[in-house]
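Worksheet: one structure, shown below.
What you see is a predicted model, and the numbers here were worked out from it, not measured in a lab.
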Amino acid sequence: MSAQDGPSSALWKPGPRLISAGRGLLDLVFPPQALNDGPRPASVGLSAEAWSRITFLDGPVCDGCGTPFEYALGPGVRCVACEAKPRAFSRARAACIYDETSRDPILQLKHADRQDLAPLFARWISRSADRLIEEADAIAPVPLHPGRLFARRFNQAAEIARALARLRGRAYLPDALVRRRATDSQGGKSGSGRRRNVAGAFAVPEGRARQVAGRNILLIDDVLTTGATAEGCARALRAAGAARVDVAVIARVKEAARGAI
């Protein structure tokens, strides 16, 4: 047996520099394309023009639902809606506002099989929800019903959660939650309609309760609209013994930022 045939060659893995060089070579052969119709970006993602149009939530926000404030009101301050009606989840954070610019890449991940975008969105969330991630014991995605998962072939929230857990060194719980029944699309429904649609839809399987009991769980989804889905998932996690549930998403709709979620 030659040295090349030894066990060490079977275990060899390329280093980060070699991987980076390989990606650079691929970019030269197959230049990365912008997710929008703008000019070619410097790397896989949005063009510089589209990037500048995204409304990232970098400023002060409500400590409860993540609603952006016009100016800083102090640490831990919550909006009127959060003060009036506490929710099952403790805090929510979004990387940006869901609008005509951010919508396209999110929908490409969700419906165009662009799973390669998950690490990009994980980095966005890592920045916007830094404190929540630091305080989390584990990261879990909002689940899809098996029927929808079969049709879509992957869960976009799970892809983001997996990438985020790897990026920040947190435990990843892909099956801590299940969707017990198929629900209608939340699109077009009012806040009360959304809550009724997902009422009792989520649960922690009996065999998974030990994964969440006594732990701080960070729940990941793509878009926050009224907060009904996040609320349903948080209730299920709290019922299974989770100490606290926080929520982090790519984007929140602009309307939700103006009122209660």
When you compare the side chain of [Y] with that of [X], does any pair of heavy atoms fall below 4.5 Å?
| X | Y | value |
| --- | --- | --- |
| Arg131 | Ile133 | no |
| Pro143 | Pro174 | no |
| Ile160 | Leu109 | yes |
| Cys65 | Cys79 | yes |
| Thr67 | Arg252 | yes |
| Phe202 | Thr229 | yes |
| Phe121 | Pro105 | yes |

Non-neighbouring partners of Arg166 that pass salt bridge (Lys or Arg N to Asp or Glu O under 4.0 Å), sequence neighbours left out: none
Can you name the salt bridge (Lys or Arg N to Asp or Glu O under 4.0 Å) partners of Asp130, sequence neighbours left out? Arg168
Where is the tightest heavy-atom contact between [X] and [Y], given as atom of each residue plus distance?
| X | Y | answer |
| --- | --- | --- |
| Ala242 | Val245 | CB-CG2, 4.1 Å |
| Pro205 | Ala203 | CD-O, 3.6 Å |
| Ala88 | Arg238 | O-NH1, 3.3 Å |

Please check: side-chain N/O of [X] versus main-chain N/O of [Y], any donor-acceptor pairing under 3.5 Å?
| X | Y | result |
| --- | --- | --- |
| Arg162 | Ala118 | no |
| Arg114 | Gln108 | no |
| Arg170 | Glu134 | yes |

Contacts of Ser102 meeting side-chain hydrogen bond (donor to acceptor under 3.5 Å, both in side chains) (sequence neighbours excluded), chain-then-number -> Asp99
Check against side chain to side chain contact (heavy atoms under 4.5 Å, CB included), Leu177 and Leu237: CA-CA 8 Å; Leu177 278 167; Leu237 289 166; 3.9 Å; yes
Nearest 0.5 Å please: distance from the [atom1] atom of [X] over to the [atom2] atom of [Y].
| X | Y | atom1 | atom2 | value |
| --- | --- | --- | --- | --- |
| Leu164 | Ile125 | CG | CD1 | 6.5 Å |
| Arg123 | Ser128 | CZ | OG | 13.5 Å |
| His111 | Gln156 | NE2 | CD | 7.5 Å |
| Ser126 | Leu132 | OG | CG | 11.5 Å |

Cluster companions of [X] among Ile, Leu, Val, Met, Phe, Trp, Tyr (side-chain spacing under 4.5 Å):
| X | value |
| --- | --- |
| Val80 | none |
| Tyr172 | none |
| Val77 | Phe69, Tyr71, Leu73 |

Could you walk me through whether Val223 and Val253 satisfy the side chain to side chain contact (heavy atoms under 4.5 Å, CB included) test, starting with their C-alpha distance in whole Å, then the side-chain angles of each, then the deciding distance to 0.1 Å, before giving a yes or no? CA-CA 7 Å; Val223 178; Val253 299; 4.1 Å; yes
Where do Val142 and Ile220 land on the side chain to side chain contact (heavy atoms under 4.5 Å, CB included) test, with the steps shown first? CA-CA 6 Å; Val142 169; Ile220 301 297; over 6 Å; no
My understanding is that only residues two or more places apart in sequence, or in another chain, count here; which of them pass side chain to side chain contact (heavy atoms under 4.5 Å, CB included) with Arg103? Tyr98, Glu100, Leu107
Once salt bridge (Lys or Arg N to Asp or Glu O under 4.0 Å) is applied, what residue pairs with a partner in residues 218-237 remain, sequence neighbours excluded? Lys110-Asp222, Glu231-Arg235
Filter on salt bridge (Lys or Arg N to Asp or Glu O under 4.0 Å), then keep only pairs touching residues 62-74, sequence neighbours left out; what's left? Asp63-Arg78, Asp63-Arg93
Single-linkage hydrophobic cluster, 4.5 Å side-chain cutoff, Val204 and Phe89 together: yes
Do Val178 and Leu144 sit in the same hydrophobic cluster, where Ile, Leu, Val, Met, Phe, Trp and Tyr count as joined when their side-chain heavy atoms come under 4.5 Å apart? no
For residues 210-219, dump all side-chain donor-acceptor pairs below 3.5 Å to protein atoms at least two apart in sequence or in another chain.
{"from": "Arg215", "atom 1": "NH1", "to": "Gln211", "atom 2": "O", "distance (Å)": "2.9"}
{"from": "Asn216", "atom 1": "ND2", "to": "Glu135", "atom 2": "O", "distance (Å)": "3.2"}

Show, in sequence, the C-alpha distance, side-chain angles and deciding distance for Cys96 and Ile54, and conclude whether the side chain to side chain contact (heavy atoms under 4.5 Å, CB included) test is met. CA-CA 7 Å; Cys96 64; Ile54 292 182; 3.7 Å; yes
